[in-house]
**Student:** 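So that we are looking at the same thing, I have put the structure below in structure tokens.
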Amino acid sequence: MKYLYYPGCSAEATGKAYDASSRAMMDKLGVELVELDDWNCCGATSYFSVRELDSFAIAARNLAIAQEMGDDELCVICNACYTTLAKTNRYMAEDPHVFEAVQGALGAVGRSYDGNVKVRHVVDILINDIGVEAIAERVTRRLTGLRVAPYYGCQFSRPMGSFDDVQVPTTMDRLFEAMGADVITEFDAKTDCCGGMMMLTREDAALRLCHELLVAARQYRADVIVAACPLCEMNLEGYQPRVNKAYGTDFNIPVMYFTQLAGLALGADPKQLAIDKQVVSCASVLAAIPA
Amino acid sequence: MTELLTTPQAKELHRKFVEDVMGMPSGEKINICQQCGTCTGSCPTSYLMDFGPREVIAAFRAGMIDKVVQSNTIWLCTSCYYCTVRCPAGIKITDLMYELKRLAIKYDLAPKQSKNPAMTKYFIDSVHKHGRNHEVEMMARFMLLKDWSLPFKFWQLGLKLFAAGRMPLTARNIRGKDELEKISAYLEAQEAKAQ
Amino acid sequence: MTAGVEKENRVSDQFEPRLIGFLCRWCSYNGADLAGTSRMKYPPNLVPIKTNCSGRVDPTHIFKAFAEGADGVLIAGCHPGDCHYINGNYRTAGRFPLMQKMLEQLGMEHGRVRLEWVSAAEGDKFARVVTEFTEEIRALGPLAWKTQTAAELSESGRAASDRVEEAVPA
Amino acid sequence: MAEEKIAVYICHCGTNIAGKVDVEEVTRWASEQPNVAVAREYKYMCSDPGQDLIKQDIAEHGITRAVVAACSPTMHEPTFRKAAGDGGLNPYLLQMANIREHCSWVTIDGDAATEKAKRILGAQIHRLPLNVPLEPIEVPVNPNVMVVGGGIAGIEAALKLAATGKKVYLVERDPSIGGHMAMFDKTFPTLDCAACILTPKMSAAGKEPNIEMLAYSEVTQVDGYVGNFKVKVRKKARYIDIDKCTGCALCTEACVVRKVPNEFDQGLSKRSAAYIPFPQAVPLRATIDPTRCLTLTGKKCKQPCVAACGPEAIDFEQKDEEIELEVGAIIMATGFQLWDPTPETRYSYGKLDNVITSLEFERISNASGPTGGHIVCKNGEPPKSVAILHCVGSRDENYQEFCSRVCCMYSLKFSHLIKEHLPETEVYECYIDMRTYGKGYEEFYKRLMNEGVHFIRGRAAEVSDVGLSSEEEGRLIVKVEDTLLGITRRLPVDMVILSSGLAPRSDAKATSQIFGFGCSSNGFYLERHPKLEPVSTITDGIFIAGCCQYPKDIPDTVAQAGAAAAGALALVDNATVKVEATIAYIDPEKCSGCHICVGLCPHTAIRYNEEKDAAEVIEAACKGCGVCVAACGSGVPQQRGYLDEQIFAEIEGALAV
């Protein structure tokens with residue numbers, strides 16, 4: 001199998017490990033990720049604040065390139081990128097005005113997009129294209145006994161919920177159950193907000209949200225939190241010390257990109273998965289699962 | 001209802017807000033808000049907001065949208081979409097927040113002490129400059145210009161990230177980076193034409 | 001939508017299609033009544049004709065309507081399963097595609113006849129259907145049939161309707 | 001045809017028509033139409049003076065045909081046709097032109113409305129000369145009535161009818177009548193005990209000689225028409241000889257399968273495979289659950305129930321039995337079901353213990369319920385604080401858009417019961433709007449305020465079990481905005497009651513199709529007219545009562561049941577009823593005997609006559625759908641009142657303007 005692949009900006013910086021582990025994991029599943037040529041930033045939430053049409057047009061440039069490359073599907077790993085790109089498709093379909101404007105804007109740079117490139121979250125592809133059974137067969141390192149707290153974050157299935165439940169997504173639960181993990185399906189905070197970009201602008205607010213998430217993870221005795229978004233991962237992992245400072249707690253919960261843990265289960269080399277690049281050590285996780 | 005729409009600016013903002021919102025798919029749902037508070041109760045940051053999401057709609061109905069645009073509310077929205085998916089009236093509240101952000105920037109009404117508008121600006125600059133958001137550059141710029149304390153708060157984490165190669169200092173430009181500015185320019189021109 | 005209707009509703013020099021709507025008495029006629037009691041607004045172009053069941057609508061009625069100068073004909077009945085006469089509307093559904101074919105054979109654009117299921121509770125749907133239909137026919141423009149005589153048409157219609165019934169499984 | 005004299009009447013309907021349609025212009029125009037002898041406008045045609053106009057014109061001007069352009073014929077056609085009849089004109093020589101519902105109310109532009117009114121009226125003016133006098137067919141009426149559903153609505157309607165001496169078949173799906181009301185402890189706002197007021201009615205219905213109770217039975221098919229319905233009822237096998245069973249319940253105690261969730265207790269208690277749903281059940285007879293009984297599921301069992309049963313009532317050989325009943329009228333009282341809050345995942349129903357539905361709480365607070373009326377959490381401890389969440393699944397575009405009307409009041413009742421049992425317990429009611437519209441309801445609300453209930457104006461955002469403080473730990477946390485304060489509160493509680501809305505029964509649609517009437521867009525049975533005929537359906541002879549029509553409280557349900565009973569009685573108390581004369585007929589001379597219509601008739605009302613070599617219509621069976629008319633290649637079958645040439649004429653008239 002082969003998928004056109006959109007890494008997203010974080011993949012080049014704080015989210016490097018997400019990119020690396022996604023490729024490594026997919027490789028183990030015999031899936032090739034072909035990077036979208038000369039992709040640009042999806043615009044995230046910032047562009048919406050200037051002109052809504054800008055954000056759609058900027059995002060649509062990527063979809064136009066995908067169309068030019070003759071593909072009708074685009075694999076995305078970042079929740080924010082996923083929502084922005086998918087939202088672009090949706091609004092182009094719902095609102096002829098948006099469709100026109102985007103066409104015009106792309107026309108101005110000699111491109112065009114018909115609105116037919118399906119945006120796919122990597123989890124969507126794992127569950128619905130490859131399938132948990134097929135994945136389970138390829139597991140070489142079962143995650144037996146590992147208490148995994150799947151953390152989906154805000155924009156995983158909100159607002160569209162196109163491939164998973166809007167309020168209580170379960171696709172990652174199913175993925176790790178197939179890998180033998182002791183998944184915390186009742187993890188109450190699985191779609192609560194991590195604070196996102198606010199970590200820089202209103203740290204107090206963001207830390208408070210991370211704190212609530214970490215409390216929930218501890219209450220459910222999680223050995224590891226797996227995330228499906230670079231920002232979520234960064235905030236939950238990187239800022240644990242700051243949370244402890246602010247709330248007088250002693251959290252030291254490993255946080256990984258779900259692709260890293262899945263990669264391990266599928267027998268990928270921890271180095272390839274950039275597990276050593278985590279800020280909070282994942283040694284306890286590696287120790288917990290027999291090689 | 002509009003007795004509060006006293007200043008010309010208030011009137012203009014109200015007019016623009018109505019025009020834009022009613023232009024959105026199912027934007028008219030704002031009319032059937034029951035003021036039930038599900039949005040505010042679900043909002044992770046409403047406790048910091050001058051106007052919670054519910055109050056934003058109440059304020060709009062009272063002709064006070066100008067007050068909302070100038071409040072801190074919209075800069076505290078994390079786009080988590082809880083309000084949108086839970087609203088019993090099907091109001092796309094997150095999109096309303098974006099609309100308000102646009103108005104604030106368009107009319108330069110964002111509260112000066114709020115850092116988010118700057119963050120937004122640097123983000124877009126970075127994207128326009130490279131075609132992609134160069135996180136390090138953006139953060140650096142933000143810290144230098146907006147928040148001196150940040151580097152001190154973050155030095156530990158910064159070092160770790162740097163050591164882990166998660167903070168590349170140089171940015172790679174995409175080939176078609178000028179396309180993005182062209183796209184923005186085109187849409188800006190279109191908007192100008194429309195008015 | 002209201003804005004759109006506003007436009008349609010004004011008697012203007014733009015082409016105003018003449019539409020006939022055969023409404024089944026149990027569901028669609030009541031649906032149209034509900035649109036009224038709920039004060040919904042839709043274009044005035046369609047004149048309703050009541051039949052007990054959409055199954056009563058005979059190809060010749062449709063030919064007659066076109067022959068008399070209608071630009072479009074709507075047939076509206078109960079949703080499948082809701083028919084007051086058990087399965088009359090299935091007859092309509094079975095007959096309809098063939099009627100369409102015939103009309104196209106006779107050189108008529110697709111879409112001048114329309115079949116819709118409108119329940120007694122779907123006033124909003126009735127208003128929507130009439131609005132859409134009026135627009136679509138307006139776009140198609142006037143029908144050139146008015147020249148031909150009713151007689152020859154309903155004759156060919158009658159003949160054609162035989163073919164239809166033979167083709168409809170009893 | 002002979003020269004006809006047509007009278008045209010255009011009704012202003014106050015401003016309902018005249019406010020939009022230029023009635024003067026339409027009248028002027030009508031007066032110029034062929035065959036029109038008189039054209040008048042009048043403020044209210046349906047008023048007595050309005051009707052008298054018709055009679056006078058018939059007398060003075062020798063009017064032979066008339067058309068009234070006014071409201072929908074479903075509203076006043078009978079009125080005007082009767083007037084014509086009284087004036088000596090055959091009622092079927094009068095037509096109505098619907099220029100209100102189909103014209104003035106739905107058109108924005110006045111000129112456009114006036115033009116449309118002319119077309120609608122023109123169609124009828126063109127048609128009238130072709131109308132032929134018809135005589136409504138008079139058919140005998142079967143005096144018996146069937147009531148479907150044995151809740152308070154069905155019981156009430158059945159008792160009322162039985163009291164008039166009519167024979168009533170009361171059909172109930174469950175093993176006992178009683179419905180939801182039997183599950184309640186107290187009733188708002190008077191707080192009288194539900195059992196105390198319902199049980200007497202239940203047993204009265206059980207003893208009433210005029211009521212034949214068909215419990216544990218379902219209607220499978222309905223044929224016929226007003227006054228003459230043929231209803232097939234499947235009596236499900238109880239595997240108990242109902243005549244021998246004394247309701248002693250020894251079999252239920254002897255039964256070895258004891259872990260079956262008890263539906264009556266919302267699964268909060270267990271019953272045996274052989275069971276009596278609740279102590280006051282009517283009929284007080286045992287039932288054996290075929291899905292759980294060992295013997296009936298083909299497993300080994302010593303059958304202690306058989307040994308325990310003195311009167312030898314148990315019969316494992318019993319089979320479902322289908323009977324056909326003939327009735328003149330039917331009352332539907334099939335009730336509602338509680339909206340299942342599982343999809344509202346943010347409230348964690350089914351995920352977190354002690355998040356319960358209102359119906360579960362009804363059972364918990366009920367003296368004969370699973371906890372003996374002690375209000376306790378799963379762990380047996382009384383809750384220190386309880387949150388009651390209003391509007392669960394209600395007033396919500398994602399689920400049910402409508403307000404269920406009773407939830408506010410039953411929630412207040414719950415608060416009172418909790419305060420009564422556990423005075424120290426804190427109770428929070430999270431509501432959007434407190435709707436206490438009934439007699440004594442607002443007073444009840446005030447009373448609860450005095451009892452110290454915390455009212456929080458806000459719809460709960462979520463229920464979580466993640467505590468952030470020592471006070472919150474191990475408890476349920478309700479997040480809600482107190483909209484009057486504009487702050488979001490976290491309420492630590494031990495029990496959350498979800499005040500779910502009332503939903504249409506999951507099979508309401510299917511049921512309505514069996515009986516041949518429709519459902520509203522919200523899924524409840526559709527009444528014939530929302531204001532003037534709230535207990536009738538579009539099918540003559542079938543009435544509706546109670547929550548199958550829309551959520552309502554007990555007083556409204558009982559009132560509606562009485563109204564439905566009166567409606568049914570007004571029908572079956574007559575020896576005969578007039579039915580529509582618009583049926584089909586076939587001229588044997590013209591018919592080629594090709595059989596097409598025979599196969600197509602949905603009511604098998606057409607048979608092939610050998611010696612005539614022609615099809616013929618069985619008048620009593622024909623319902624006048626006209627399918628045969630449309631089907632016949634040679635147009636031989638015709639439908640009275642809907643002749644081809646009449647429809648043709650309407651088309652001409654509609655397009656002549």
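To find a chain, count down the sequence lines: A is the first, B the second, and so on, and within it residues start at 1.
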**Student:** Tell me, do Val627(D) and Tyr85(C) make a side-chain contact under 4.5 Å, heavy atoms counted?
**Tutor:** no
**Student:** Could you report the tightest heavy-atom contact between His102(D) and Ala32(C), atom names first, then the distance?
**Tutor:** NE2-CB, 3.3 Å
**Student:** Validate the cation-pi geometry between Lys64(C) and Phe648(D): distance from NZ or CZ to the six-membered ring centre under 6.0 Å, angle to the ring axis within 45°.
**Tutor:** yes
**Student:** Measuring heavy-atom distances to chain C, does Asn522(D) have an atom under 4.5 Å in its side chain, in its backbone, in both, or in neither?
**Tutor:** neither
**Student:** Of all heavy-atom pairs between Cys625(D) and Cys53(C), which one has the smallest distance, and what is that distance?
**Tutor:** O-CB, 3.4 Å
**Student:** To the nearest 0.5 Å, tell me how far Arg39(C) CZ sits from Ser104(D) OG.
**Tutor:** 8.0 Å
**Student:** How many angstroms lie between atom NZ of Lys41(C) and atom CH2 of Trp105(D), to the nearest 0.5 angstrom?
**Tutor:** 10.0 Å
**Student:** If you count heavy-atom pairs within less than 4.5 Å of chain C, which of Ala654(D), Gly624(D), Ala510(D) leads?
**Tutor:** Gly624(D)
**Student:** At what distance, to the nearest 0.5 angstrom, does CD of Glu68(C) lie from CD of Glu650(D)?
**Tutor:** 13.0 Å
**Student:** Nearest 0.5 Å, what's the SG-NE2 distance between Cys519(D) and His79(C)?
**Tutor:** 11.5 Å
**Student:** Would you call Tyr29(C) and Ser72(D) a side-chain contact if the rule is heavy atoms closer than 4.5 Å?
**Tutor:** yes
**Student:** Would a 4.5 Å heavy-atom cut-off, applied to side chains only, mark Ile651(D) and Phe22(C) as touching?
**Tutor:** yes
**Student:** What distance do Met96(D) atom CE and Lys50(C) atom NZ have between them, rounded to the nearest 0.5 Å?
**Tutor:** 9.0 Å
**Student:** Under the 3.5 angstrom rule, does the side chain of Arg91(C) hit a backbone N or O of Ala630(D) as a donor-acceptor pair?
**Tutor:** no
**Student:** State, with a plain yes or no, whether a side-chain heavy atom of Ile20(C) is found less than 4.5 Å away from one of Leu655(D).
**Tutor:** yes
**Student:** Does atom NZ of Lys101(C) have more than 12 heavy-atom neighbours from other groups under 6.0 Å away?
**Tutor:** no
**Student:** Any salt bridge between Arg100(D) and Asp33(C), counting N to O under 4.0 Å?
**Tutor:** no
**Student:** Hey, mind stepping through Lys509(D) and Asp82(C) against side-chain contact (heavy atoms from CB on, under 4.5 Å) and telling me if it holds?
**Tutor:** CA-CA 9 Å; Lys509(D) 182 88 187 133; Asp82(C) 287 359; 2.9 Å; yes
**Student:** Flag the pair Asp644(D) / His61(C) as yes when at least one side-chain heavy-atom distance between them is below 4.5 Å, and no otherwise.
**Tutor:** yes
**Student:** Looking only at heavy atoms, what is the nearest atom pair of Ile538(D) and Trp26(C), with distance?
**Tutor:** O-CZ3, 3.0 Å
**Student:** Please flag which part of Thr582(D) lies under 4.5 Å from any non-hydrogen atom of chain C: side chain, backbone, both or neither.
**Tutor:** both
**Student:** If every non-hydrogen atom of Leu643(D) is compared with every non-hydrogen atom of Arg56(C), which pair is closest and at what distance?
**Tutor:** C-NH2, 3.8 Å
**Student:** What are the two closest heavy atoms between Lys116(D) and Pro44(C), and how far apart are they?
**Tutor:** CD-O, 3.5 Å
**Student:** Who wins among Val130(C), Thr92(C), Ile49(C) for the most heavy-atom pairs under 4.5 Å with chain D?
**Tutor:** Ile49(C)
**Student:** For Leu526(D), is it the side chain, the backbone, both or neither that has a heavy atom under 4.5 Å from a heavy atom of chain C?
**Tutor:** side chain
**Student:** Atom OG1 of Thr37(C) and atom CD of Glu101(D): how far apart are they, to the nearest 0.5 Å?
**Tutor:** 6.5 Å
**Student:** Val222(D) versus chain C, heavy atoms under 4.5 Å apart: side chain, backbone, both or neither?
**Tutor:** neither
**Student:** Would you say that Asn30(C) contacts Arg528(D) through its side chain, given a criterion of any heavy-atom pair below 4.5 Å between the two side chains?
**Tutor:** no
